[in-house]
Amino acid sequence: MDKSVLVIEDEKNLARFIELELQHEGYEVTLSLDGRKGLERAIEGEFDVILLDLMLPSLGGMEVCRRIRRLKQTPVIMITARDSVMDRVSGLDSGADDYIVKPFAIEELLARIRALTRRTSEPAKEKVSVLVHKDLCVNLDSHLIQRGDTEIVLTKREFDLLQMLLENQDIVLTRDRILEKVWGFDSEVETNVVDVYIRHLRHKIDQPNVQSYIETVRGTGYVMRS
C-alpha cells in the first residue's frame, strides 16, 4: 500500500510542488493550506508522515504539532524558513521528529521522508524496561526518572537523549551519532542542538557541587561512564 503524507503548508505554489513530486514518487498526498484545518485532518486521518510548515494562518505550526502529539505519534517534519539553533530546538521541542529549512531540494525532503517511514515500520526490538546509572533510575515504560528520592521531569527529546547515553555507558557518542539516533537526521546539520540539550539535561539530572554524570569528550562528544 502507498505511503500517505499530509502536507500542511500555506504557500500554494510550494504546497502544489510538493504534492506533485510526492505523487510522482508514489505517495498519497493530502493538502491543507491552513493550520487549524490541517490539525483537524491530522487528527481525523491516518498518515505515515506529516509535513508541517512553521508559519501558518489561524494556528501556528508549533501549536499544531503540540496538539497532534497529545493524541498521535505520527512522524512530523517541520518546514521552516528559520535556521537558528533555538528556532530548531523550539520546533523539535514541540514534538517534531525532523526539520527542513526553506529553500530545500526535493531530493533531501524525499530522503527525510524515507528515513522516518523506514524507522517507524521497523519491528520493535525487545529491550529492558529499567536503566540504572549509580543512583539514577529510568523506567522506559512509565518514563519515571529518579535520582535517589528525587523525581525528575524531562521533555521527550531530553528523555530520548538520556536513554541513549544510558544504553551506551562507557561508549563515547559523537554529536553526529546522537543526532542520527535521537533526531533522525540523515544529512549534515548543525550539531549545536546536541550541546543545547546536554546542558538542559545536566541542569535537570545533576546535583550541586557534584561532578556531572555526563562527561564531555573534547572534540568528540559525550559519555556516561560506569
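Pairs engaging residues 24-62 under the ring pair (Phe, Tyr, Trp, His ring centres under 6.0 Å) rule: none recorded [sequence neighbours left out]. Every pair passing salt bridge (Lys or Arg N to Asp or Glu O under 4.0 Å) that includes a residue from residues 214-226 is listed here, sequence neighbours excluded: Glu215-Arg225. Judged as a ring pair (Phe, Tyr, Trp, His ring centres under 6.0 Å), the pairs with a partner in residues 134-167 (not counting sequence neighbours) are, in order, His143-Phe159. Contacts classified as salt bridge (Lys or Arg N to Asp or Glu O under 4.0 Å) and involving residues 201-214 (residues at least two apart or in different chains) are given here: Glu158-Lys204.
With rounding to the nearest 0.5 Å, the separation of CE in Met62 from CG in Leu54 is 4.5 Å.
Remark: Asp135 engages Arg147, Tyr213 in a side chain to side chain donor-acceptor pair (under 3.5 Å) (not counting sequence neighbours). In terms of the side chain to side chain donor-acceptor pair (under 3.5 Å) criterion, Arg36 has no residue partners (sequence neighbours excluded). Remark: Glu46 pairs with Lys72 by the salt bridge (charged side-chain N to carboxylate O under 4.0 Å, His left out) rule, at least two apart or across chains. With sequence neighbours excluded, the residues forming a side chain to side chain donor-acceptor pair (under 3.5 Å) with His133 are Gln169, listed by chain and number. Annotation: salt bridge (charged side-chain N to carboxylate O under 4.0 Å, His left out) contacts of Lys102 (sequence neighbours excluded): Glu9, Glu11, Asp53. Scored by the salt bridge (charged side-chain N to carboxylate O under 4.0 Å, His left out) test, Glu40 finds no partners at all (sequence neighbours excluded). Residues meeting the side chain to side chain donor-acceptor pair (under 3.5 Å) test with Lys37, sequence neighbours left out: none.
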(request) Report the C-alpha distance between Asp97 and Arg69 in whole Å, list the side-chain angles of each, state the deciding distance to 0.1 Å, and finish with yes or no for salt bridge (charged side-chain N to carboxylate O under 4.0 Å, His left out). (result) CA-CA 11 Å; Asp97 297 274; Arg69 279 292 168 263; 2.7 Å; yes
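Asp160 has a carboxylate O that lies under 4.0 Å from a charged side-chain N of Lys156, or vice versa, which qualifies the two as a salt bridge. Here Arg177 does not pair with Glu180 in a salt bridge; the nearest charged N to carboxylate O distance is not below 4.0 Å.
When hydrophobic side chains of Ile, Leu, Val, Met, Phe, Trp and Tyr are connected at separations under 4.5 Å, Val223 ends up clustered with Val172, Val217.
Contact check for Lys3 versus Val49: no side-chain heavy atoms found under the 4.5 Å cut-off. Residues Arg175 and Ile178 are not in side-chain contact: their nearest non-hydrogen atoms beyond the backbone lie 4.5 Å or more apart. Proximity of Ile145 to Cys137: side-chain heavy atoms (C-beta onward) are nowhere separated by under 4.5 Å.
With Asn139 contributing its side chain and Ser142 its backbone, the two residues share a donor-acceptor pair below 3.5 Å.
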